[in-house]
Amino acid sequence: MKIMRSGTPLRLGRRNFLRGGLAGLGAIGLAASEQMRTAHAAGIGQPRFVFIYTSSGIHDSWRTGTPGPNFKLGPTMDMFEPWKSRMTVMDGLTTARFSYGLNPHWAAAHCLLGGREPIDYGPAPGEEQNMSSGSQRTFDHLLADHIGKDTPVNNIVLGGLDNNNEQRGLDLSYYGRDMPQRAIHEVDSLFTALFGEGDLNPLPLGEDGLGARQRLKQWEQEALGLGQSQSAALRSRLGQQELLYLQQYEHNLNDAFRRVVETDPSAAGPVNVAACKGLVAPEVPGDGGSSEEKNARHHDTQLSTLAAALACGRTRVGVAVMDGIRNTMRVTGSEDRHHKHQASDEHYKLWDRYAGKRIVKFLDKLASYPEGDGTVLDNTIIIWTSEISYNATDHWQQYHPVFLFGGLPGKKLKMGHYLQIPYHFSSKKQDALDDTRNRRLHEVYLTIANLLNIPDLGDFADPKYTKGPLNELI
Amino acid sequence: MRKVIGVGLVLSGLPLLGCSADISFSDDGANVSTSGGGANAPGAGGTAGPGSSGPEGSASVPGGSGPGSPVSMNPGGAPSCSETAQLLPPRMIRLSHAELRQHIQAALPGVPADLLKNVKFQADHVTTASARGMSGAEFGIYFSAAKNVANAYVADSAELADCRATALDASCLSALNHAIERLYRRPVEAAEREQFRGTFERVSKAQGAKEAATALITGALIAPQTQYHTEAGDAPNQSGVYRLTQHETLQLARYALTGKSPSEEELGLLGRTPEEFDRGLSEFAARWVSTPDFIERMVDLSEHIFGVQYLPAVQREEESFTPAVQSAMVAQFRGFVREKVLSPGGNFADLFLQNPAQVMPELEAIYKDDKLSPSGESPRLGVLGLPGLLVTLSGPNGSDPVMRGLLVRELLLCETLPPPVPDADFSLVKVTEDMQTRERFDMLAQTQPCASCHQTINPPGYLFENFDHLGRYRIEEKGRPVNAVSTITPPFRGGPYEGVGEWNGIVPLAKWLARSPEARRCFATNFASFVLSDTVPYKVENCNMKAVASRFVETGQVADLVADVVRSPLFTHRTREVMQ
């Protein structure tokens, strides 16, 4: 997906990107690196991106129809009142096209970060149901290739209580075709993933600063390079079908190698030592209390761990899946699990309030980390949405609920507004989805990419349903 | 690559299906949501029920159907049941985290266990091969753990004492090759050896032999050779049906059944004739059945087969549902399966026909109302009456006949349900606060387009209606008697099951399942899927399954099933298509 900007767009498609291997990665990374260096020099923080997903819809009372800066928040969103100047409500978006022949939750969830209909590989042998679709590389990974490429963890996906999400209904993040990045659920694992790598390095490399970093780089390059060459040796012994499995693994190996190669030992590195100082692994949330209390502790701990990692440069791209295992998660006063058709309005509102409270805590945490003249929140764009819209029982994707919080460095995004995007409603939802005049959620991402000077996102998003960045948001 | 939904994972996604949310309700609630497979679409779906015909190739296997007789092989060595779609394609199967931890500890003895705690990925041995992925973040965790492990091993092992010297040492390199051979579970090849030497020399020159040795062990730990089993066979570029190498077959069987590498004695099978190898492997596999490793893996599998893998995460608002009660339910289920099926003399039938010998103290309150049973006999029988199962297959506030019906149809009888039809209009489902659970679900089952599926899904679920969402027996709901009279109606596209009648409660259902050949064939198929780390293509209708399940249907002995799975072409052969 080319991102149209003034002048001729720089085109470096995904195909070329892959063919070029490390050279391609390096080339495409230079622009982003240059931009970040410039930003650093200007005293502006690094951009971060967080996508928060809550499943099964958001109650339609979020739509207040009050465009402009003096907007009203819906009754389930009142916890955001103190944050109004730092949030934007987007009214009038839909998702990318997808087939209603697929499960509307599952298919729509795939679209949220993918910007296109899931790939349909057809049913497995002997199966009549098709639940075997994958997705292209999703926006979080594409963005991580740019703004996250010099961080220890390019991209992280953390989960609620989804217990591995075995049926893929909540798989949002794909690092390649049919390669979902699964959510890390356990708090201790999440902490290790985000903070463990550097701190646990056991090699006796000496205390001489630059020399030690240079030796570590050389050593890691050799160890990872050996892993790569061993993998290459194995390749020659495999048929093409098995290679697909190996490809998944090699992606990680090559990614880690590339990061090490591109590390500049003479640079202080992206880690904000002050923000990282004193971090200790959070305690695993206990069992006591109501279901809501237990879930809240878990989600809050996950999000605060992510906030710390964003603040001290361990990662810049995160996806948080805030849900419960097999929909057994409860909130106090709700009638049942969230995904319950024909529940009362109050039932759905309770869930939104629960999620809202978690997000407010996350915003608080990000705003507690000073950065430049402001805080980390100023440089973190957070998008909260769900796969269902309009109302929870009808499984529609019209007037998709999209909330933005925080911002991009340099205040490039229009925050503090209720943006009313022209929308062509249809009582036949397929017609509305097919209507190419309607703007889509993934165009928010294109806007962000454009503002971050990322020239090309490869084959991201379905071009038929893409006009480009949303000017309303700039 | 295809993602195949693994055994026992069917129920996990049901709340996401179109006509499918669950109809579990608050006891005093008046709202409904639906559950299950949704309505049928014209021409969609269908099942392989007892009266249906299977897919192509499901006809009898010449010479291969007798007890103890594997599917015959044609002169070329390919299975006679040779429709390629009925064999799996070659995969690479990543070791689960528990397997990898055990393997590293065995290959690099003396490494402290706590250094391996971060070898922790989300997929375990019950996860299908295609779902055993690893994210970039997880790779970072693993790389970190690998560095720690390598550093510790190089620092402390006697084997690598020479590597702790500062100069390049041939004996160090030789010792490293031995360690790596253990990690790779096979001899290191010449090309691999050269790569090790090159890396060693470069790092040693710059940083010393110890750092070089650490780099080599780390490189081997992150190499796919350590982390994956291959199924390449002898000629990876050839298309069509082929046999796995004996080494591949033995590794796969040993790991699938015990999570560990083959012993020296078992490795002695390599190089024998195919017939001798198959027979020998089958005998070894039957022996593994009594090992604690196998038993624990079978208990894990049983949790998936009965849909209770999520029991530890179930949430209930009732104060009586304490963590201790929840833990006791898990322990009871696991202990019950261990005792009834996997102990010497255990049998598939006992899983359904016996009750726990004792009720754990934490669960006494749940069992106390059993005495209300009008017949004076226990209203529970076998695994179906275990509170853990009944709780997991419920909603937060009430029983769930759809989840329980799907247990019977999909997990225990391996029926295939049509795909859900989206856009069901739930406003047509009219319920009131005074309706019982069954009445609410029945209302859904009478509403189009949900009716066509739910009139099949729901009936076996109604047999469980005497048990609430905490697994307690009940004779009343909403002040009126509970109706648990129902049956197993014929499956989609199938005729009625033999021996099924109108039953009251789960006891007659359990008795029928204990003897049902369909239930045993389904169990055998689920077990084969587990051993293969993938769903058996065409499931119970796979032409190889007839031979695999034949003895087990007769005897109900897991040892027979294990022995017949590992010598089946389904296990020993793959089919490769040339991809463009």
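Computed from a predicted model, the values in this text were never measured in an experiment. So you know, we letter chains A, B, ... as the sequences are listed, proteins then strands, and number each from 1.
- Looking at Glu250(A) and Arg235(A), a side-chain N of the basic residue comes within less than 4.0 Å of a carboxylate O on the acidic one, giving a salt bridge.
- Looking at Pro90(B), both its backbone and its side chain come within 4.5 Å of chain A, counting heavy atoms on both sides.
- Your options are Gln225(B), Gln195(B), Gln227(B), and the one with the most heavy-atom pairs under 4.5 Å with chain A is Gln195(B).
- The greatest number of non-hydrogen atom pairs below 4.5 Å with chain B, out of Thr315(A), Leu224(A), Val157(A), is found for Leu224(A).
- Comparing Ala232(B), Ala235(B), Pro224(B) by heavy-atom pairs within less than 4.5 Å of chain A, the highest count is held by Pro224(B).
- The pair Glu220(A)-Lys147(B) meets the salt-bridge criterion, since a charged nitrogen lies less than 4.0 angstrom from a carboxylate oxygen.
- With a 4.5 Å cut-off on non-hydrogen atoms, Leu216(B) touches chain A through its backbone and its side chain both.
- Between the side chains of Thr128(B) and Asp534(B), no donor N or O sits under 3.5 Å from an acceptor N or O.
- Ranked by heavy-atom pairs shorter than 4.5 Å toward chain A, the options Leu221(B), Thr218(B), Ile222(B) are led by Ile222(B).
- Chain A forms more heavy-atom pairs under 4.5 Å with one residue of Ala191(B), Gly233(B), Gly219(B) than with any other, namely Gly219(B).
- Using a 4.5 Å cut-off between heavy atoms, Thr230(B) touches chain A through its side chain atoms alone.
- Of the listed residues (Ser189(A), Ala256(A), Ser229(A)), the one with the most heavy-atom contacts under 4.5 Å to chain B is Ser229(A).
- Here Glu222(A) pairs with Arg202(B) in a salt bridge; the nearest charged N to carboxylate O distance falls below 4.0 Å.
- Looking at Phe321(B), neither its backbone nor its side chain comes within 4.5 Å of chain A, counting heavy atoms on both sides.
- Between His141(A) and Tyr174(A), the ring centre distance reaches or exceeds 6.0 Å.
- Residues Phe191(A) and Phe195(A) place their aromatic rings such that the two centres sit under 6.0 Å apart.
- Residues Arg91(B) and Arg574(B) are in side-chain contact: their nearest non-hydrogen atoms beyond the backbone lie under 4.5 Å apart.
- For Glu319(B), no part sits under 4.5 Å from any heavy atom of chain A, backbone or side chain.
- Relative orientation of the Tyr184(B) and Phe196(B) rings is tilted, given thresholds of 30° and 60° on the angle between their planes.
- At a 4.5 Å heavy-atom cutoff, Leu190(A) makes no contact with chain B through either its backbone or its side chain.
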